Amino acid sequence: MRENDFLNWLSSAIPSDPRVPINVGDDMAAVTLDSYKNLALLKIDQALDKVHFDLAIHSARAAGKKAVNRCLSDCAAMACSPAAIMLSVALPNTADENFARELFLGCKQAAEKFNCPIVGGDTSIWDQRLAVTVAALGSSHNPPLTRSGAKPNDAILVTGKLGGSILGRHMTFEPRIHLALELAKLLPITSMMDLSDGLAQDLPRLCARSKVGAIIAPQQLPIHPDAETLSVNDNIPAGLHALADGEDYELLFTCPESALPILFPSPGAALPGNLAKLAIPITRIGTITPETTLHLLGPNDQLLPWPKAGWEHSSK
Ligand SMILES: [Mg+2]
């Protein structure tokens, strides 16, 4: 089974509902409580041993931390403040009490960093590997940022540096919540998501939701030093790692070109708000197009096909 096929079927099988202002398929779900001022955003996410972490290598604490941070990264994706977290844990029967405590402490450490309480959960024990399900309730910037508002000629930007997270960052990344809230305050952002499966897979998802296309300049991609390290070992260009590797957990967003001077002020001028303090690089990597296809910009400005790559969970 391919995850994308199943997700496409799911979104067609769930009817639209006036109480649900954001269609299925964004980073979080939303439900209106009484008015649009009172919007609850919801997320549920699984983290599995041997899929999202490996207990042969990673500690229980590191696994717990990652499980919660994956959910918090989706809160960042929608520029929403996490208000509560619930956990559902299936512990392997080989785990002792110290393991369970360490797992919880990892979850708690991640949530506390964003002042988010863990309000409840459920634990069971079985004869299979560890599975941690994290549900997050968020309270939103009004209106929340979604994947569906990108417009032709908008600039496409990413935070941080991309590629090579498999060398360790996929366990230790910091959800970009503070940066997302700041960006939402300062910029007329038209769409946003977090990069979990890699730009090569995630940008087409954003474009599909916004019914637009994109041209990306690969030479503009902010390449993480981990991607360079991987490249030396596997001979795959570092730029391709930046484009295709999963689990960067950085933000991908769009805004009108006219807003770019806010992010890139003239030399000598200060960055607005807390951007200088947050000190996370932001890079323009391309432009939204009206045609619904995606391309890479080659040398001499020719349009190259979009690479079919990225990280898709699959049971094939
Ligand atoms: Mg996401």
Side-chain angles (χ1 to χ4, degrees), residues 3-4 6-8 10-11 14 20-31 39-48 51-53 65-83 85 110-111 114 116 132-141 143-150 156-160 162-163 165 169-181 183-184 189-210 214 243-254 280 309-314:
E3 190 188 23
N4 266 348
F6 179 61
L7 292 179
N8 287 340
L10 260 186
S11 50
I14 297 174
V20 181
I22 299 170
N23 288 334
V24 175
D26 223 300
D27 290 279
M28 298 182 86
V31 61
L39 192 68
L41 281 108
L42 305 145
K43 175 72 192 185
I44 192 159
D45 190 65
Q46 272 182 339
L48 307 174
V51 178
H52 302 96
F53 51 81
K65 213 170 150 188
K66 177 175 185 180
V68 167
N69 276 338
R70 278 166 55 86
C71 234
L72 293 179
S73 182
D74 282 311
C75 292
M78 313 226 24
C80 125
S81 300
I85 275 179
F114 297 96
C116 175
V132 185
T133 305
V134 182
L137 172 70
S139 70
S140 170
H141 180 79
L145 296 177
T146 67
R147 301 177 177 188
S148 57
I156 305 171
L157 301 103
V158 290
T159 64
L162 308 181
S165 77
R169 272 162 37 246
H170 76 104
M171 295 300 296
T172 58
F173 66 94
E174 181 109 334
R176 298 300 194 198
I177 292 179
H178 297 310
L179 180 59
L181 294 176
L183 289 172
I189 292 177
T190 49
S191 70
M192 189 153 80
M193 70 183 296
D194 65 325
L195 289 173
S196 52
D197 295 341
L199 188 68
Q201 270 208 78
D202 285 333
L203 182 59
R205 289 174 175 149
L206 184 141
C207 286
R209 295 277 293 186
S210 293
L243 194 61
D245 288 357
E247 302 210 273
D248 288 309
Y249 299 105
E250 293 291 349
L251 298 170
L252 171 69
F253 65 99
T254 58
I280 298 158
W311 170 247
E312 187 182 351
H313 296 298
S314 162

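In this text, all values refer to a predicted model and were calculated from it rather than measured experimentally. Counting begins at 1 with the first residue of the sequence. When a ligand or atom number is given, it counts from 1 through the structure's own listing order.
- Salt-bridge annotation for Arg70 and Glu247: present, with a side-chain N of the basic residue lying under 4.0 Å from a carboxylate O of the acidic one.
- Taking the six-membered ring where tryptophan is involved, the planes of Phe173 and Tyr249 are essentially parallel, since the angle between them stays under 30° and well short of 60°.
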Report the C-alpha distance between Glu250 and Arg176 in whole Å, list the side-chain angles of each, state the deciding distance to 0.1 Å, and finish with yes or no for side-chain contact (heavy atoms from CB on, under 4.5 Å). CA-CA 7 Å; Glu250 293 291 349; Arg176 298 300 194 198; 2.7 Å; yes
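- By the side-chain hydrogen bond (donor to acceptor under 3.5 Å, both in side chains) test, Ser191 pairs with Thr254, sequence neighbours left out.
- For the Mg ion (ligand 1), the nearby protein N/O/S atoms, meaning those under 2.8 Å, are Asp27 OD1, Asp74 OD1, Asp194 OD1.
- The existence of a salt bridge linking Arg147 and Asp27 is confirmed by a sub-4.0 Å separation between a basic side-chain nitrogen and an acidic carboxylate oxygen.
- With values rounded to the nearest 0.5 angstrom, Leu145 atom CG is found 9.5 Å from Ile22 atom CD1.
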